[in-house]
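Note that ligands are numbered from 1 as they come in the structure, with each ligand's atoms numbered from 1 the same way.
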Amino acid sequence: MGERSRIRIEIEGVVQGVGFRPWVYRLAHEYGLTGWVTNSKRGVEIEVEGSEASRSAFLAALQTPPPLARIDRQTVRDASPKNGDPTEFVILRSDNGSADEITPVTPDAAICADCLRELFDPTDRRYRYPFITCTHCGPRFSIVTGVPYDRPQTTMASFPLCTDCSAEYQNPLDRRFHAQPIACATCGPHISLRNADGSTMTVSDPISAVIGRLESGEIVAVKGIGGYHLACDAFNAEACNRLRKSKLREEKPFAIMVRDLLVAREIACVSTEAERILESPQAPIVIAPKRIASEAMEAIAPSNRTIGIMLPYSPIHHLLFHDARFRALVMTSGNRHDEPICFEDDDALLRLRGIADCFLVHNRPIHVRVDDSVVQMTQCGAVPVRRSRGYAPAPIRLNTRLNRPVLAVGAMLKHTFALGVGDRAYVSQHIGDLENAATWRSFVDGVARYEKLTGIEPDLVAHDLHPDYLSTQYAEQLGIRTVPVQHHHAHIASCVADAGYDGPVIGLAFDGTGYGDDGTLWGGEWLLVDGENCERVGRLRTLRLPGGENGIREPWRIGASMLETVFDDSWRDYRLPIERFFANDEWSKLRRYMNDTTLTPATSAVGRLFDGISAIAGVRGAISYEGQAAIEFEQIHDIAADGAYPFVVRRSNGRHELDWEPMVHAFVDDLVNKQTIGAVSTRFHRGLATVVADITEQIGRDTGITACALSGGVFQNALLLELLVPLLRMRGCRVLIHREVPPNDGGVSLGQLVIAGRKTR
Ligand code: ZN
Ligand code: ZN
Ligand code: FE
């Protein structure tokens, strides 16, 4: 036997509140080591004493942590035994008394395999208990009310543990050791059923009652982990149509929850990677190609060839599917139209009245709204669309260091904010569009909450250049130093940080409109970005926005102004499909102000180019959600069609300008010659991808920069991404795309954070 000696191991990462210490405890016992484990400020500290062989076996085993844990960094050094060292291995209480002790709160996680087995095991004491959970799964972030993370600081505070639960909670060898949200039917929360008017219904088994109602085509509001869902049978066209109507004719696709992977494969084309993401503890909505066409599917995702699916992630979801005849449920956010998702019971009963036929509720409060996360599958891998439940508030590790604590307040639509210090960035859950009182409150409360949870007190705040964004106004009244960050610079910095890249890049910021540093509306820019430095080296030829940003909801205005630019008023002779979207007097009114730069501002936004083209093709003249015209124009493409539209590149003062005028000529020719919309869409995408690759390659040659970063909402367009990325790679570019935060404005806060952190070094 080798000589006994002692080592000290410090671990950083997601290692608190995920069952890490009891797992270490079990390992130490297994290898016959003495010592201790405890939570520390930065993560977990361990000291073990024993033979060389058992110490190295222990270190090797540490490399495969429990499901929810993630080791970012580990240091090992020799330690000397001290008097009073324990003669066995113990879990030391973390020193909750000290003010700087911060136990990171982990994201909410889908039910684990062990809990799922117990849920349907008639001999288990939690058989069919809707709130079964353990160290490896269940709600976290959504129920935490304060720090340190401990049961009294969660919405489980009002449910004292019974003797059995308490024994599990105190036993280091139990899977529920120190799992804060555990409960059972004796001591924990319960579900109940409410009528359409919110009054309590007395039923012996709310789950089977709800199953019956869903099977008969009713709409049920279901209280979940981070908010309410509205559910109905996804194969019942009438129910789906009724739900869409009662949500105020919203046309945004609904997500559906499928019973299992078999049903997922029946409804959508799911790749191996998609399956892995569906089954992950994060359990996001995964957008994949639709496989079946039916009236119900059309009601669920109108004019869409993709569908958002997810697997059951809470015990309540599993109970609903277990005994039911339905195999898939629409599970759309419980809200009306553009409002944020309901998460408070009284509010839900009020706002969802008139939509839901009944409410499946429970008495475990949701402390903070956390929407379902959304990931889009593309041939270039999975791209996040919304980072929320399951992901927030896990920190994103930066490749650069922030020397001061920074707050970044994000943009306005699809809003998130971020807090960071050192090499950690905490990007908030999806807040929503900052344009009503409820999202404003989520934002302001959210900042305070994240400051408390992370212990970061910012002395610097980064914000968008746009003076009208509420987030900008919020930043300005904080009374700390402000750092304005240009919107598209932030997009690119976000993509670079997301990819963990270090070095200068050619940034392609293709977006909706954002405020440029010259006061005009940008959104189709080539930027040379090297940390805090940003130079604009190319752009889309500007388009005119008749009626300004308020006209964005009517893409036909952009289409008409593009046609006017190219053909003057002779385009009306072509009788193009766009004519159906407006009345003559509407256009003649707007046309009068075409040269008034206040009423008809110019923008280089690629998002607006898509809007205009979609309208000209007759696909979409007015929209009910952001990006709808562009999305539908993409979805309609026919990849079998050949050809690509010509664009022209001009160069002045070393800056490239992508001119769309020749494309419009070819496009209109095709429409006049009755080419299919599918072919027209493909030719547009292919032409755009080609010219964008040309410009990028030229910039690369001029500057010697070989990496390029793709960011901005336009890169949610899977077709454009899939056409462009291979072209760029073929020309020797290293292409960075988003993996952690979305390319849309939900990722802007991360970019702001990094730029502000570097500007003030
Ligand atoms: Zn579990
Ligand atoms: Zn109990
Ligand atoms: Fe943007």
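Taking the Zn ion (ligand 2) as the apex, the angle formed with SG of Cys162 and SG of Cys165 is 110°, to the nearest 10 degrees. The Zn ion (ligand 2) forms the vertex of an angle spanning SG of Cys184 and SG of Cys187; to the nearest 10 degrees it equals 120°. Rounded to 10°, the angle formed at the Fe ion (ligand 3) by OD1 of Asp745 and OD2 of Asp511 is 160°.
The minimum distance between the Fe ion (ligand 3) and any N, O or S atom of His487 involves atom NE2.
Neither side chain, Ser614 nor Asp611, offers a donor N or O lying under 3.5 Å from an acceptor on the other. In this structure, a donor-acceptor pair under 3.5 Å is absent between the side chains of Asp517 and His489.
Taking the six-membered ring for Trp, His322 and His318 have ring centres at least 6.0 Å apart. For Phe610 and His685, the ring centers sit closer than 6.0 Å to each other. The ring of Phe321 has its center no closer than 6.0 angstrom to the ring center of His317. Between Tyr127 and Phe120, the distance from one ring center to the other does not fall under 6.0 angstrom.
Note on ring orientation: taking the six-membered ring where Trp is involved, the planes of His488 and Trp522 are parallel (angle under 30°, cut-offs 30° and 60°).
For the Zn ion (ligand 1), the set of protein N/O/S atoms nearer than 2.8 Å consists of Cys112 SG, Cys115 SG, Cys134 SG, Cys137 SG, ordered by chain and number.
The one candidate from Tyr474, Phe443, Trp440 that meets the ring pair (Phe, Tyr, Trp, His ring centres under 6.0 Å) condition with His415 is Phe443.
At least one N/O/S atom of His491, from backbone or side chain, sits under 2.8 Å from the Fe ion (ligand 3).
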